[in-house]
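This report refers to the structure that appears directly beneath it.
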Amino acid sequence: SAKDMKHRLGFLLQKSDSCDYSSSQSKKEKIASSQRVSQEEVRKWADSLENLIHHDRGLAAFRAFLKSEYSEENIEFWVSCEDYKKTKSPAKLSLKARKIYDEFISVQATKEVNLDSCTREKTSHNVLEPTLSCFDEAQRKIFTLMEKDSYRRFLKSPYYLDLVSPPGTGCGPENCKRSHTHTLDCNSNIISQCA
């Protein structure tokens, strides 16, 4: 549940504070700096869903948010379609198309996405003779659905607000003593663990 996720994230934040400074500290600092997300970049995520999901850390944060809402099938479908469009081998095209269809489009799909019957039927027909664009319409519909619904909620959620809020605001009392940069590092680490 969302409450459990919040508890785990809180635990991870506390754990990162209690790290001892050993000889491996410089290695930890290098890792942390490579995972840092700039404020400017985080603010761009609020401009459009496209900016958010085309940034590795943004995609990870959005995916973690959707998991907390039990609706990650939409972003997983979108990512699968993006991967599918990069397929170079015609032999793999048919296999990948069938896998995506079975996982997300089929009526018995384990992670069925919310498509209207017309789009579902058209996509089903496209999969019979797959091309690189056979999921384009379905992917566009799911993108629009996320843009109008879950993306707006994400921008109001702690998953986004904790990354974008200025120092000393938007954090719990136990976190307010941290510098803003440290908060970004912790959130980046959490995002990478949630991904």
Side-chain angles (χ1 to χ4, degrees), residues 1-2 4-6 8-9 35 37 41-42 44-164 187-188 190-195:
S1 75
D4 291 339
M5 179 69 84
K6 194 173 182 181
R8 282 192 211 120
L9 293 175
Q35 294 177 339
V37 183
E41 196 63 46
V42 172
K44 284 182 189 173
W45 299 350
D47 293 341
S48 71
L49 176 58
E50 207 159 299
N51 286 353
L52 174 68
I53 61 182
H54 282 97
H55 187 281
D56 289 343
R57 297 279 169 225
L59 178 61
F62 189 53
R63 184 177 266 158
F65 168 73
L66 291 176
K67 279 183 181 180
S68 77
E69 291 199 333
Y70 304 101
S71 63
E72 69 266 27
E73 68 279 349
N74 290 333
I75 195 64
E76 287 180 17
F77 172 68
W78 186 88
V79 168
S80 294
C81 290
E82 287 296 292
D83 179 59
Y84 175 80
K85 288 188 238 181
K86 295 173 188 166
T87 306
K88 300 214 180 337
S89 161
K92 288 183 179 178
L93 211 57
S94 184
L95 289 170
K96 280 187 166 187
R98 175 52 57 188
K99 184 177 185 231
I100 291 171
Y101 177 80
D102 289 343
E103 193 172 357
F104 300 103
I105 310 287
S106 158
V107 180
Q108 297 93 15
T110 54
K111 299 176 181 178
E112 185 180 355
V113 290
N114 188 9
L115 291 170
D116 59 88
S117 59
C118 186
T119 305
R120 189 178 304 277
E121 195 174 310
K122 185 176 178 184
T123 306
S124 300
H125 181 73
N126 289 347
V127 171
L128 298 175
E129 293 179 35
T131 63
L132 288 176
S133 61
C134 73
F135 293 107
D136 284 1
E137 188 177 338
Q139 185 184 20
R140 214 172 11 261
K141 298 260 179 162
I142 293 304
F143 181 89
T144 302
L145 182 74
M146 289 190 296
E147 190 173 42
K148 290 180 177 176
D149 186 34
S150 48
Y151 171 62
R152 290 179 183 177
R153 286 196 312 278
F154 168 77
L155 293 177
K156 296 174 185 171
S157 77
Y159 289 86
Y160 179 70
L161 294 176
D162 285 353
L163 288 171
V164 80
N187 283 331
S188 297
I190 290 164
I191 289 167
S192 63
Q193 291 169 2
C194 291

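All values below come from the heavy atoms of this structure, side chains included, with hydrogens, waters and symmetry mates left out.
Going from atom OG of S71 over to atom CG of N114 covers 11.0 Å, rounded to the nearest 0.5 Å.
With salt bridges taken as basic N to acidic carboxylate O contacts below 4.0 Å, one links R153 and E69.
Remark: Y84 pairs with F135 by the ring pair (Phe, Tyr, Trp, His ring centres under 6.0 Å) rule, at least two apart or across chains. Not counting sequence neighbours, the partners of F154 by the ring pair (Phe, Tyr, Trp, His ring centres under 6.0 Å) test are F62, F65, Y160. Listed by chain and number, the residues in a side-chain contact (heavy atoms from CB on, under 4.5 Å) with E137 are T119, K122, R140, K141 (sequence neighbours excluded).
Judged by distance alone, with hydrogens and angles left aside, the side-chain atoms of Y151 form a donor-acceptor pair with the main-chain N or O of S48 at under 3.5 Å.
Side-chain contact check for L59 versus V79: some heavy-atom pair is nearer than 4.5 Å. For the pair R57/V42, no side-chain contact is recorded, criterion being any heavy-atom separation below 4.5 Å from C-beta on. A heavy-atom distance below 4.5 Å is not found between the side chains of H55 and K44. Proximity of T131 to N126: side-chain heavy atoms (C-beta onward) are nowhere separated by under 4.5 Å.
Side-chain contact annotation: S124 with Y101, donor-acceptor N/O pair under 3.5 Å present.
Closest non-hydrogen pair, A97 versus P130, comes out as CB-CB, 3.8 Å.
Few gaps surround CD on E41; more than 12 heavy atoms of other groups in view lie less than 6.0 Å from it.
Checking each of E72, E103, E73 against K111 for a salt bridge (Lys or Arg N to Asp or Glu O under 4.0 Å) leaves exactly one that passes, namely E103.
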